[in-house]
Amino acid sequence: MNTTSSTPALDVRDVTLELGDGDAKVTALDHVSLTVPSGEFVAIVGPSGSGKSSLLAVSGALAKPDSGSVHVRGTDLGGLKGNAAARFRLQHIGFVFQSGNLLPALSSTDQLRLVAKLAGNRSANPAELLAAVGMSHRAGHRPGQLSGGERQRVGIARALVNSPSLLLVDEPTAALDRARSHDVVRLLAEQAHASGVAVVMVTHDHDVLEHCDRVLEMIDGRLSPYAG
């Protein structure tokens, strides 16, 4: 795998993706291209059903495009099959979901330990990551004992535990109030700039776009600069 500094963290090239069958078939992605270098925080806005989640899916090796290619740190995701794709996701791509998507029985620390163990990562430091997201005081707490903003912070720490090249973030502020929304997105920006991870966030929350390095808009499966 090519890991030179000139290799973008994410390189989506002329990707198309169709969903459904027959008369129900829709074009989710229509010749989409996107390049994100390490350390950049990119937000993608657009109405529901515009293709934002589909772009995250192909970028995270969760869906295979009908045409075009997706490279993460120089690796062609289209060439990964079965267990190889799952292993690559664990080691090189982090995911942050709307509600944190934490396992209810595990403490904050154990959430991180589990993901590191699955990736065979013995050098992970959950305590350091929880400190970086301001959650040291909640290290032993389970998700049910955390607020929505705290769960998102733990989710971000968990996504970063294997030092991924790419962080894919799906509507992280959907269940948060305005102040906590800004806190979470500001934290994502800090992590992108401090650790060099490339962050792609899809969101409906235009209020937090000030924290992003670049904002794009998805409409009818097509990606373009955000006009504001």
Side-chain angles (χ1 to χ4, degrees), residues 1-13 15 17 19 28-29 32 34-42 52-130 132-133 143 152 154-170 172 188 191-192 195-202:
M1 180 173 62
N2 184 355
T3 58
T4 63
S5 58
S6 61
T7 303
L10 175 65
D11 190 11
V12 178
R13 304 177 188 174
V15 159
L17 176 68
L19 301 176
L29 299 174
V32 170
L34 173 64
T35 300
V36 184
S38 299
E40 185 180 34
F41 184 12
V42 176
K52 302 188 305 296
S53 295
S54 293
L55 179 57
L56 288 190
V58 299
S59 299
L62 296 173
K64 186 176 181 180
D66 295 306
S67 64
S69 64
V70 180
H71 292 74
V72 172
R73 222 28 164 172
T75 294
D76 185 354
L77 301 189
L80 301 175
K81 309 297 181 184
N83 290 339
R87 174 65 58 180
F88 187 86
R89 283 194 297 270
L90 265 174
Q91 295 178 337
H92 302 288
I93 304 173
F95 296 88
V96 179
F97 302 96
Q98 289 187 21
S99 59
N101 203 35
L102 304 177
L103 296 172
L106 297 184
S107 69
S108 299
T109 297
D110 287 339
Q111 305 280 345
L112 276 65
R113 284 176 176 163
L114 175 61
V115 174
K117 182 179 180 180
L118 290 172
N121 179 6
R122 297 183 179 181
S123 63
N125 190 331
E128 183 178 288
L129 276 169
L130 288 172
V133 300
Q152 281 295 42
V154 174
I156 291 168
R158 184 182 62 179
L160 293 169
V161 73
N162 292 323
S163 301
S165 298
L166 176 65
L167 193 63
L168 301 174
V169 186
D170 185 11
L188 287 167
Q191 290 301 313
S195 67
V197 63
V199 180
V200 179
M201 174 183 74
V202 301

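Bear in mind that the values here come from a model prediction, so they are computed numbers and not experimental data.
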Exercise for the section: Indicate yes or no for a side-chain donor-acceptor contact from R89 to the backbone of A61 under 3.5 Å, with no hydrogens or angles considered. Expected result: yes

Problem - Check: V12 and L29 side chains under 4.5 Å, non-hydrogen atoms - result: no

Practice task
Calculate, to the nearest 0.5 Å, the distance between atoms CG and NZ belonging to L90 and K117 respectively.
Solution key: 13.5 Å

Fill in the blank from the handout: For P143 and L102 the tightest heavy-atom approach is CG-CB, 3.6 Å

Practice task
List the atom of H92, the atom of P164, and the distance in Å for their closest heavy-atom pair.
Solution key: O-CB, 3.4 Å

Handout entry: Parallel, tilted or perpendicular, as decided by the 30° and 60° cut-offs, for the rings of F95 and F97
Key = parallel

Fill in the blank from the handout: Taken to the nearest 0.5 Å, the spacing of N125 CG from L112 CG works out to 9.5 Å

Practice task
Supply the atom-to-atom distance N162 CG to N121 CG, rounded to the nearest 0.5 angstrom.
Solution key: 4.5 Å

Practice task
Under the side-chain hydrogen bond (donor to acceptor under 3.5 Å, both in side chains) rule, collect the residues that match up with S107, sequence neighbours excluded.
Solution key: D110

Problem - Pairing residues for T35 by the side-chain hydrogen bond (donor to acceptor under 3.5 Å, both in side chains) criterion, not counting sequence neighbours - result: D11

Exercise for the section: Specify the closest pair of heavy atoms between V199 and V169, including all atoms of both residues, with the distance to one decimal. Expected result: CG1-CG2, 3.9 Å

Exercise for the section: Flag the pair L55 / V202 as yes when at least one side-chain heavy-atom distance between them is below 4.5 Å, and no otherwise. Expected result: no

Problem - Contacts of D170 that satisfy salt bridge (Lys or Arg N to Asp or Glu O under 4.0 Å) - sequence neighbours left out - result: none

Exercise for the section: Kindly state each residue pair satisfying salt bridge (Lys or Arg N to Asp or Glu O under 4.0 Å) with at least one member in residues 52-68, sequence neighbours excluded. Expected result: none

Exercise for the section: Could you walk me through whether L130 and S108 pass the side-chain contact (heavy atoms from CB on, under 4.5 Å) test, one step at a time? Expected result: CA-CA 8 Å; L130 288 172; S108 299; 4.2 Å; yes

Exercise for the section: Answer yes or no: is there a side-chain heavy-atom contact under 4.5 Å between L10 and V70? Expected result: yes

Exercise for the section: Can you see which heavy atom on A192 is nearest to which on F41, and at what distance? Expected result: CB-CB, 4.3 Å

Handout entry: Non-hydrogen side-chain atoms of L80 and L77 separated by less than 4.5 Å
Key = yes

Completion exercise
Output for pair (L103 CG, N101 CG), nearest 0.5 Å, gives 7.5 Å

Problem - Note, L166 side chain near V200 side chain (heavy atom, < 4.5 Å) - result: yes

Handout entry: Considering all heavy atoms, the nearest S165-R73 contact
Key = OG-CG, 3.4 Å

Completion exercise
Residues passing the side-chain hydrogen bond (donor to acceptor under 3.5 Å, both in side chains) test with S67, sequence neighbours excluded, are T16

Problem - Donor-acceptor under 3.5 Å (Q191 side chain, V197 main chain) - result: no

Practice task
Indicate yes or no for a side-chain donor-acceptor contact from E40 to the backbone of G196 under 3.5 Å, with no hydrogens or angles considered.
Solution key: no

Fill in the blank from the handout: Rounded to the nearest 0.5 Å, the CD1 atom of I93 sits from the CG atom of L62 at a distance of 7.5 Å

Practice task
Quick one: closest heavy-atom pair of S69 and D76, and the distance?
Solution key: CB-OD1, 4.5 Å

Exercise for the section: Taking side-chain contact (heavy atoms from CB on, under 4.5 Å) as the test, write out the residues that go with L19, two or more places apart. Expected result: L17, V26, A28, S54

Handout entry: Any side-chain heavy-atom pair of L106 and Q111 under 4.5 Å
Key = yes

